Amino acid sequence: MGDEVALVTGAAQGLGRGFTEALLRRGAKVCVADVKVQTGEATVLRFQQQFGRDRVFFFKCDVTCEADVKAAVQATRDRFGKLTIMVNNAGISSEAQWSKMVDVNLKGVIDGTQEAVAVMRRDTGGQGGVVVNIASAAGLIPVHTTPVYAATKFGVVGFTRSWAANPHLASLGISFACICPTFTDTDMIVHGDFREGRSLYTEDSQRMMAEVGVMPLSQVVTAFEQLLDSPDNNGIVMSVTNIKGVRVRKHGRPSRL
Ligand SMILES: NC(=O)c1ccc[n+]([C@@H]2O[C@H](COP(=O)([O-])OP(=O)(O)OC[C@H]3O[C@@H](n4cnc5c(N)ncnc54)[C@H](O)[C@@H]3O)[C@@H](O)[C@H]2O)c1
């Protein structure tokens, strides 16, 4: 992995920061992209002290802004010469701001994937690589308490699987996979809809969280590393749950409807 260059969106904190640390530990160089400038810069400073100044940098990027996403990809290539791992992780949980949530969780992932494909694809001079999109268990099963969040995550799973099913992937040299965790111990759980009673049915939400449990962040980061280590990770939809651990579904090209 020593030669890999990654861009992680929403990497100032939470899961994105965890993925970044794992990538740095494995020898990759990383662009930490986030809207939160202070938190992002503090995260990067800590990583620079641990892994070296030239291994990681912060780039202010709002994934709902196409110019920002393009600029983050370009900055990564300017700094490190290429891009080989794109992690579309930035996300929010807020049914009250449903339109913004669609923009961050779905449009941001679509845009990040397409910008990455444009520079990674081998048939136009890129070096190939992998796109990892962070969906959710709410992208695999209906969640009546947060229907818009679920819609964005179903969208991320469908979008990722559609790229993975592309019969022309060999010429691109890119694989596409996604990770679908249940509740994980990050700010999203502390401030997101589930905990603060802003979901449609607060009691149902809290019961759901009590039944499913909250995983430590390290459990999802370990799953992310397992995904990177899979010899053929194209089409993997990896579910990570407190109860059943990691389960891998591998989707190739669909046969027929
Ligand atoms: N925590 C969970 O229970 C859980 C479960 C399943 C999936 N996820 C998904 O994991 C991903 C990471 O979430 P987290 O749990 O680490 O939450 P978090 O709130 O700790 O981190 C989210 C990060 O995304 C950034 N972000 C938000 N909007 C942005 C934007 N427009 N542009 C750029 N960055 C933006 C935030 O600043 C923050 O740093 C999200 O996509 C989330 O939906 C989380």
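Ligands are counted one by one from 1 in listed order, and the atoms in each one are counted from 1 as well. As the structure is a prediction and not an experimental result, all values here were calculated from the model.
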Taking it one step at a time, do Lys36 and Asp34 satisfy salt bridge (charged side-chain N to carboxylate O under 4.0 Å, His left out)? CA-CA 5 Å; Lys36 283 191 182 166; Asp34 207 294; over 6 Å; no
Listed pairs under 3.5 Å, donor-acceptor, residues 168-179 side chains, sequence neighbours left out:
| unit_1 | atom_1 | unit_2 | atom_2 | d |
| --- | --- | --- | --- | --- |
| Ser171 | OG | His168 | O | 2.8 |
| Ser175 | OG | Asn233 | OD1 | 2.7 |

Candidates Met188, Arg17, Lys100; heavy atom nearest atom 4 (C) of ligand 1 found on Met188
Nearest heavy atom to atom 22 (C) of ligand 1: which of Ala11, Gly91, Gly112 does it belong to?
->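 Checking each option, the heavy atom nearest atom 22 (C) of ligand 1 is found in Gly91.
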Any N/O pair [X]/ligand 1 closer than 3.5 Å:
X      : answer
Asn105 : no
Ser136 : no
Asp62  : yes
Tyr149 : yes
Phe183 : no
Leu15  : yes

Tell me: protein heavy atom nearest [atom], and distance?
atom                    : value
atom 14 (P) of ligand 1 : Thr186 OG1, 3.5 Å
atom 3 (O) of ligand 1  : Thr184 N, 2.7 Å
atom 35 (C) of ligand 1 : Val35 CG2, 3.5 Å
atom 23 (C) of ligand 1 : Gly10 O, 3.5 Å
atom 32 (N) of ligand 1 : Val63 N, 2.9 Å

**Candidate pair Arg55 and Val30, rule side-chain contact (heavy atoms from CB on, under 4.5 Å), full reasoning** = CA-CA 6 Å; Arg55 296 271 312 280; Val30 188; over 6 Å; no
When rounded to the nearest 0.5 Å, the distance separating CG of Leu23 from CZ of Phe51 is 10.0 Å
So CZ of Arg121 and CD of Gln127: to nearest 0.5 Å the spacing works out to 15.5 Å
Check: Where do Val5 and Thr76 land on the side-chain contact (heavy atoms from CB on, under 4.5 Å) test, with the steps shown first?
Finding: CA-CA 8 Å; Val5 173; Thr76 307; 3.5 Å; yes
Looking only at heavy atoms, is any part of [X] under 4.0 Å from ligand 1, and if so is it the side chain, the backbone, or both, or is it neither?
X      : answer
Thr9   : neither
Val104 : side chain
Ala135 : backbone
Ala33  : neither

For [X], atoms of ligand 1 separated by under 4.0 Å from a heavy atom:
X      : value
Lys36  : 37 (O)
Gly14  : 16 (O), 20 (O)
Ile92  : 27 (C), 28 (N)
Ala90  : 24 (O), 33 (C), 34 (N), 35 (C), 41 (O)
Cys61  : 32 (N), 33 (C)
Ile189 : 1 (N), 3 (O)

Mind running salt bridge (charged side-chain N to carboxylate O under 4.0 Å, His left out) on Asp204 and Arg207 for me, showing each step along the way? CA-CA 5 Å; Asp204 291 5; Arg207 196 177 320 116; 3.4 Å; yes
Inset, instruction - For the pair Glu95 (side chain) and Tyr149 (backbone), establish whether a donor and an acceptor sit closer than 3.5 Å, ignoring hydrogens and angles. - result: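 Checking the backbone N and O of Tyr149 against the side chain of Glu95, a donor-acceptor pair under 3.5 Å is found.
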Check: Just by distance, do the side chain of Ser230 and the backbone of Asp232 share a donor-acceptor pair under 3.5 Å?
Finding: no
message = For Leu217, state whether at least one heavy atom is located under 4.0 Å from any atom of ligand 1.
response =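 In this structure, Leu217 fails to qualify as a contact of ligand 1 - no heavy atom is under 4.0 Å.
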### Message
Any heavy atom of Met215 closer to ligand 1 than 4.0 angstrom?
### Response
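Judged by the 4.0 Å heavy-atom criterion, Met215 does not count as contacting ligand 1.
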Apply side-chain hydrogen bond (donor to acceptor under 3.5 Å, both in side chains) to Thr84 and Glu4, showing your working. CA-CA 6 Å; Thr84 59; Glu4 304 290 348; 2.5 Å; yes
With a 4.5 Å limit on heavy-atom distance, are the side chains of [X] and [Y] in contact?
X      : Y      : result
Asn88  : Val132 : no
Asn234 : Ile236 : no
Met86  : Asn133 : no

Besides Val237, the hydrophobic cluster formed by Ile, Leu, Val, Met, Phe, Trp and Tyr side chains linked at under 4.5 Å, directly or via other members, contains Leu140, Val157
*Start with the C-alpha distance between Glu21 and Val221, add both sets of side-chain angles, then the distance that settles side-chain contact (heavy atoms from CB on, under 4.5 Å), and finish with yes or no.*
CA-CA 9 Å; Glu21 183 167 5; Val221 173; over 6 Å; no
